[in-house]
Amino acid sequence: MGTGNSRRGLAALAVCALSLSPVAGAAAFAAPAAASAASAPQETTLRVKMSGSGVDTLNPFLAFFDGAYDIFAGIYPTLNSLDEYGKPGPYLAESWTQSEDKLTWTFTLRDGLKWSDGTPITADDAAWTLNLIMTDAVAGTANGSLVSNFESVSAPDPTTLVVTTKEPQANVTYVSIPRSGIPIVPKHIWESRAKDLKDVKNDTFPIVGYGPWTLTDYKPEQYAKFDANKDFILGKPGFDHMIQQSFKSVDAAVAALRSGQLDYINGVNATQFTALQADKSLLTVQEVGNGWTGLEINHNARTRTGKKIGTGHPALGDPVLRHAIALATDRKTLVDKVINGLGVVGSGYLPPAWPQWSWKPAAGEETPFDLAQANKVLDDAGYTKGAGGVRVDPKSGKPLELRLGIHSDDAIDAGISNYLKGWLETVGIKLEIQTLSMSALNSDLAKGDWDLLMDGWTTGPDPTFLLGIQTCAALPKDDGTAGNTDSFFCDKAYDELFTKQLTTFDQDERAKLVGEMQSILYKADVNQMHFYANTLDVARTDTVTGLITGKPDAQGMYPAQSYSFWGYLKATPATAKTAATSAKEEGGGSLVWIGGAVLLLALVGGVIVLKRRSGADDRE
């Protein structure tokens, strides 16, 4: 189904060495000519595991997967960056001011920056990007909720951008930040693409952009290759090149890390992490979870006009049935058994990485694990048991036989689904577990062709995007475009609170409003949070240099890291001279792997969609 958080697989740790595949060989850079090798300094390559979600599209207006946003963070600029405390800092904009009525924000952009094709970057590029998202439903597919309160955006001169909001808006400086915000694109490249935006693949290389990296090549489900932007305004990358390598499983990536073919993995599973902690050649780090893993329920798939779509079981529209499913789910067991205790039991919609938005149900309002109570509420609602002990929907007459979609390559999904199947069948609900690819799950989600799906999302320090996918505006149009929903949730009171929190500047008051929104979601039982898994990072100590941002707490947990922007930018080789080893690409010429390192340094607030959906081993 969808993609969205930082999910980890639970497959057993692969201990056998991973042979260099054709994919890995293709990702290497050709060795320099022998004549120049002796005199020229050897170029270095940082080799990291690509997000497990993969890349759904290189079109930044349409993408949702973590893998795509990791790429965008490196190749497209944003108005603001984030400092190590998760607060807005300069990037394209070197300064900004707000009017007394709090309706107008004026950004002063840097002068003299150029897109990778040499064209000057101006405020007009930013104004055009934001206006397109504001006025075109397709362009707003991924990030429309971030500008829903914008009244106008203009560029009175090349270095001035003026944003006027309908109501005072507290998070304007978070709207365009690396990875979890809106990337600014070059107008001269994208203007001609706007009419057919839904069909734009953006796969002509090198991609014209501006950031610490330039994307020079990409092969779906294989790799993305980058060259460093040595003139990047926030600092030159420590490596000359970077490869984000795709792996079919985290086990394969771990084997590559151990053999020296990979430098860094963001997001191993709990079993692997425990085993890798004993390896002195590796640095293992736990981050506070910045995303959730849970169950989505197709309670009423429909479009913005109310047109019903999909093949969801009609009984799932009944809140009693949804609550029974919640009662029959032992979240504590899922944390202990599926992720080896390396996480926190789920409740609120926003993860613990951002404590300012933390919410839990009040005492007495928590949904316990209670199979007897689940049976009772179903009995009382008229769901009588039929053949084989399977209950029957009293309204439609259909047995409660539900499809549960899980990722085919995600051991966490498999572990959770086995427990859910047993618990739900105990209360008379039969589950058919369907293992599907990430693309198939997301395709089914958008069409409403599902009953239950395992999903997950990550988020950065501003919750607007993640809260926005639960608004009515996130429902798809009748033609199937522009939708960014993950469960077809739509509630008027929730929408009113969403608008109000956007315009609330007092942090404590905004947190109360966000808490009220999470309470509505919790009681609806449409998105059932199972847990917030700790993010588990591993890097090679012989190729890594630098420090982790922030300090661990008493439990050894580090704050969330912004690896895909600051981490990859600041990473440097562990030694001045990096040994190179040659490798043969299957069926072809001699290639060289350059030893590299990744610095686990990052700014709080990086990730996700992340906002954004995470993939099999790292996201949903």
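Hydrogens, waters and symmetry mates are skipped; everything else that's a heavy atom, side chains included, is used.
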- Quick one: are I243 and V48 in side-chain contact, heavy atoms under 4.5 Å? no
- Message: In the structure I gave you, are the side-chain heavy atoms of I133 and I182 within less than 4.5 Å of one another anywhere?
- Response: yes
- Is it true that the side chains of D70 and S51 contain a donor and an acceptor less than 3.5 Å apart? no
- Note on the structure: Distance col, row E496:CD vs K500:NZ, nearest 0.5 angstrom, shows 9.5 Å
- Item | Side-chain heavy-atom pair P237, T572 within 4.5 angstrom cut-off | no
- Please step through side-chain hydrogen bond (donor to acceptor under 3.5 Å, both in side chains) for the pair D227 and T214, ending with a clear verdict. CA-CA 5 Å; D227 286 347; T214 298; over 6 Å; no
- Would you check if the side chain of R510 reaches a backbone N or O of Q501 as a donor-acceptor pair within less than 3.5 Å? yes
- Query: For the ring pair F72 and F565, is the centre-to-centre distance below 6.0 Å?
  - Reply: no
- Query: Looking at the rings of F64 and Y69, which for Trp means the six-membered one, are their centres under 6.0 Å apart?
  - Reply: no
- So, T173 versus N80: side-chain donor-acceptor pair below 3.5 Å or not? no
- Query: How are the rings of Y91 and F232 set to each other: parallel, tilted or perpendicular (split at 30° and 60°)?
  - Reply: perpendicular
- Residue K236 excluded, over 12 heavy atoms near NZ under 6.0 Å: no
- Query: What distance separates Q561 CD from E287 CD, expressed to the nearest 0.5 Å?
  - Reply: 5.0 Å
- Message: Any side-chain to backbone donor/acceptor pair from T303 onto D478? Under 3.5 Å, distance only.
- Response: no
- Message: Around atom CG of D117, are there more than 12 heavy atoms from other residues, nucleotides or ligands closer than 6.0 Å?
- Response: yes
- Please check if the distance between the ring centroids of W213 and F239 is under 6.0 Å. no
- Query: H188 vs W115 aromatic rings, parallel, tilted or perpendicular, using cut-offs 30° and 60°?
  - Reply: tilted
- Message: Whether the side chain of N484 engages the backbone of I469 through a donor-acceptor N/O pair (distance < 3.5 Å, no angle test) should be reported.
- Response: no
- Centroid-centroid under 6.0 Å between W357 and Y349 rings: no
- Any donor-acceptor pair under 3.5 Å from S81 side chain to P90 backbone: yes
- Query: Below 4.0 angstrom, N of the basic side chain to O of the carboxylate: do K219 and D217 qualify?
  - Reply: yes
- Roughly how far, to the nearest 0.5 Å, is the CG atom of L82 from the OG atom of S180? 6.0 Å
- Query: Okay, side chain of Q518, backbone of L350: is any donor-acceptor separation there less than 3.5 Å?
  - Reply: yes
- Rounding to 0.5 Å, atoms CG (D491) and SG (C472) come to a distance of 7.0 Å
- Message: Does any part of the side chain of T160, heavy atoms only, come nearer than 4.5 Å to the side chain of F107, both counted from C-beta?
- Response: no
- Decide whether Q470 and S487 meet the rule of one side-chain donor and one side-chain acceptor closer than 3.5 Å. yes
- Test item: T216 side-chain N/O and K225 main-chain N/O as donor-acceptor pair under 3.5 Å: yes
- Decide yes or no on side chain to side chain contact (heavy atoms under 4.5 Å, CB included) for V526 and L521, but give the supporting numbers first. CA-CA 7 Å; V526 172; L521 291 172; over 6 Å; no
- Query: Do we see a donor-acceptor contact under 3.5 Å between the side chains of T464 and D462?
  - Reply: yes
- Just how far is it from atom CD1 of I265 to atom CE of M50, taken to the nearest 0.5 Å? 14.0 Å
- Message: If we count only N and O atoms by modelled type, under 3.5 Å, do the side chains of N143 and S145 hold a donor and an acceptor together?
- Response: no
- Message: Could you walk me through whether D124 and T122 satisfy the side-chain hydrogen bond (donor to acceptor under 3.5 Å, both in side chains) test, starting with their C-alpha distance in whole Å, then the side-chain angles of each, then the deciding distance to 0.1 Å, before giving a yes or no?
- Response: CA-CA 5 Å; D124 194 38; T122 71; 5.1 Å; no
- R47 (side chain) donor-acceptor with D263 (main chain) under 3.5 angstrom: no
- Query: Does Y494 reach the main-chain N or O of L467 with its side chain, forming a donor-acceptor pair under 3.5 Å?
  - Reply: yes
- Candidate pair D495 and T471, rule side-chain hydrogen bond (donor to acceptor under 3.5 Å, both in side chains), full reasoning: CA-CA 6 Å; D495 280 13; T471 62; 4.8 Å; no
- Message: Using a 3.5 Å distance criterion without hydrogens, assess whether the side chain of T535 forms a donor-acceptor pair with backbone atoms of G267.
- Response: no
- Item | Salt bridge present between D125 and K187 (N-O < 4.0 angstrom) | no
- Does the side chain of S564 come within less than 4.5 Å of R179's, by heavy atoms? yes
- Query: Could you go step by step and tell me if K114 and Y210 meet the side chain to side chain contact (heavy atoms under 4.5 Å, CB included) rule?
  - Reply: CA-CA 7 Å; K114 294 182 179 180; Y210 178 84; over 6 Å; no
- N149-Q169 side chain donor-acceptor pair, cut-off 3.5 Å: yes
- Message: I'd like to know if the side chain of D136 reaches the main chain of L132, judged simply by a donor and an acceptor atom lying under 3.5 Å from each other, with no hydrogens or angles considered.
- Response: no
- Task: Answer yes if the side chains of N266 and Y563 hold a donor-acceptor pair under 3.5 Å, and no otherwise.
- Result: yes
- Task: Check whether any side-chain heavy atom of Y76 lies under 4.5 Å from a side-chain heavy atom of L215, and answer yes or no.
- Result: no
- Query: Using 30° and 60° as the class limits, which term best fits the ring planes of Y264 and Y568: parallel, tilted or perpendicular?
  - Reply: perpendicular
- Item | Six-ring centre of F505, K102 cation under 6.0 angstrom, axis tolerance 45° | yes
- Message: Under the criterion side-chain hydrogen bond (donor to acceptor under 3.5 Å, both in side chains), I'd like the reasoning laid out for N290 against W354: C-alpha separation, chi angles, the key distance, then a yes or no.
- Response: CA-CA 7 Å; N290 69 339; W354 319 117; over 6 Å; no
- Pair M529-S347, side chain to side chain contact (heavy atoms under 4.5 Å, CB included): steps then yes or no: CA-CA 6 Å; M529 307 293 97; S347 55; 5.9 Å; no
- First locate atom CG of D111, then atom CD1 of I121, and finally report the distance between them rounded to the nearest 0.5 Å. 11.0 Å
- Task: May I ask you to check whether R193 and N59 show a side-chain donor-acceptor distance below 3.5 Å?
- Result: no
